[in-house]
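Structure, as structure tokens:
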Amino acid sequence: MIDYLIVGAGLFGAVCARQFADTGRSVLVIDKRDHIAGNVYTEKIEGINVHKYGAHIFHTNNEEVWDYVNRFAVFNRFTNSPVANYKGELYSLPFNMYTFNKMWGVVTPEEAAAKIEEQRKAAGITEPKNLEEQAISLVGTDIYEKLIKGYTQKQWGRECKELPAFIIKRLPVRLTFDNNYFNALFQGIPVGGYTKMVENMLDHTGIKVQLGVDYLEDREKWNAVADKIVYTGPIDAYFDYKLGCLEYRSVRFENELLDMPNFQGNAAVNYTDAETPWTRIIEHKWFEFGKDEDGNDLPKTVISREYSSEWKPGDEPYYPVNDEKNSALYREYRKLADKETRVIMGGRLGEYRYYDMDQVIAAALERAEEELR
Ligand code: UDP
């Protein structure tokens, strides 16, 4: 018997494992995939750390979390500043003075604010009730039409009117010339990739790891090996979907190794029109400034086109769809989960929340501390 079985070797599972092991508990981490690190997994191709399950840029305002991850990795100075491509017109993201200048020719913050206010008033929005109204009230109709509407509909497979307003509030709006996508004190990419960072978290004599095994397929066996379980998979799958399926968005990646040094000149380019079938293209080498670990320029490049789709059984779930219907269903599942005294359920899938990495880590640290008390 061991103290804790951890189902899922992503960030929530790895942090719990480390916290338990650091306090003398025995831990077994299992994952159905053949690798650790969950969706932050990176794989080295031609010297480039490729983010296999989509781009991950670490950013946080939480000093405790920042100190924690810095125990396991050195972070570089990467600052996320995606470019939006609308039918060949390029705009700076997030929405800032560069964006407003290109869109309207305005030069001062006062002119930009006046333009947004004029468009917000014309749309007659006082209290935004959904993503469309929230977007227009933040940045006006022109930016909504060119940089938000098409992208969001591709990303979520739903009309902006049917989506919750909070999703668009993830993006800053600034009346300054600042292309930093995040309002975070700390930001960067772990040198050597995320897989290495998670490997370091799990590198402890108290932690064993077993890959390529599916907990849900052999629950009885796994439940018998430990006193307590941390489950980080989808909460609805844990309960055999007995109250119904929660909806997720899935993502498909088309990866290409190109024999050229520079494809798009930036880590992320978002295709914000409705017609281009992919949402964005990631060029992975720019997360590490186009250099290998010895500081040499890399001659080739790897790009990933991202296609968003509705999740169906067998697909990888990526984004919870936190609209009212799904949130209500999640609350019912949560009531069931709270009755499972042997099981802690956490992470993006276990809590059905659009968590960023730092929030997952903060939640895992808190949950582990509560458990160890
Ligand atoms: N978004 C948009 N245009 C963009 C980038 C983002 O309309 O060029 C919207 C879209 O609805 C998206 C949301 O902002 O779902 C949040 O974007 P974020 O970059 O945080 O999404 P993630 O990186 O988690 O996929």
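Worth saying up front: this structure is predicted, and the values here are computed from it rather than measured. In each ligand, atom 1 is the first atom listed, and ligand 1 is the first ligand listed. Below, each value reflects all heavy atoms present in this structure, side chains not excepted, and no hydrogens, waters or symmetry copies.
- Aromatic ring centres of W66 and F75: separated by under 6.0 Å.
- At a cut-off of 3.5 Å, with distance as the only test, a side-chain donor of E288 or N49 sits close to an acceptor on the other residue.
- Heavy atoms of R280 found under 4.0 angstrom from ligand 1 belong exclusively to the side chain.
- With a heavy-atom cut-off of 4.0 Å, N270 touches ligand 1 through its side chain alone.
- The closest approach between a heavy atom of K149 and any atom of ligand 1 is not below 4.0 Å.
- Listed by atom number, the atoms of ligand 1 under 4.0 Å from Q155 heavy atoms are 15 (O).
- You'll find the ring centres of Y91 and Y98 outside the 6.0 Å limit.
- Of the N and O atoms on the side chains of Y53 and E316, not one donor lies less than 3.5 Å from an acceptor on the other residue.
- In this structure D356 satisfies the salt bridge (charged side-chain N to carboxylate O under 4.0 Å, His left out) test together with R170, sequence neighbours excluded.
- Ranking the protein heavy atoms by distance from atom 16 (C) of ligand 1 puts L171 CD1, 3.6 Å first.
- Interface atoms of ligand 1 facing T272, defined by a heavy-atom separation under 4.0 Å, are 8 (O).
- Those atoms of ligand 1 with a heavy atom of I168 less than 4.0 angstrom away are 9 (C), 14 (O).
- From the protein, the heavy atom lying nearest to atom 15 (O) of ligand 1 is W156 NE1, 2.8 Å.
- Remark: minimum distance from atom 11 (O) of ligand 1 to any protein heavy atom is reached at T152 OG1, 2.7 Å.
- In summary, the aromatic rings of Y271 and W278 are positioned with their centroids under 6.0 Å apart.
- Aromatic ring centroids of H51 and Y194 lie under 6.0 Å apart.
- Nearest non-hydrogen protein atom to atom 20 (O) of ligand 1 is R170 NE, 2.7 Å.
- The list of side-chain hydrogen bond (donor to acceptor under 3.5 Å, both in side chains) pairs with a residue in residues 363-373, not counting sequence neighbours, reads Y4-E371, K228-E371, R367-E370.
- For atom 1 (N) of ligand 1, the closest heavy atom belonging to the protein is Y151 CD2, 3.6 Å.
- Residues W156 and T279 are not in side-chain contact: their nearest non-hydrogen atoms beyond the backbone lie 4.5 Å or more apart.
- Close approach of ligand 1 to I148 is summarised as follows: ligand atoms under 4.0 Å from at least one heavy atom of the residue are 7 (O).
- Heavy-atom proximity to L93, at under 4.0 Å, picks out these atoms of ligand 1: 8 (O).
- Checking only distances, L147 does come within under 3.5 Å of ligand 1, N or O to N or O.
- The atoms of ligand 1 that sit less than 4.0 Å from any heavy atom of Y181 are 5 (C), 6 (C), 17 (O), 18 (P), 19 (O).
- Taking the charged nitrogens against the carboxylate oxygens, R252 and E254 do have a contact shorter than 4.0 Å, which makes a salt bridge.
- The closest side-chain donor-acceptor pair between S137 and R120, if any, does not fall under 3.5 angstrom.
- Note: an N/O pair closer than 3.5 Å links Y354 and ligand 1 by distance alone.
- Distances below 4.0 Å separate heavy atoms of I167 from the following atoms of ligand 1: 11 (O), 13 (C), 15 (O), 16 (C).
- Close N/O approach between Y319 and ligand 1 is found [any backbone or side-chain N/O within under 3.5 Å].
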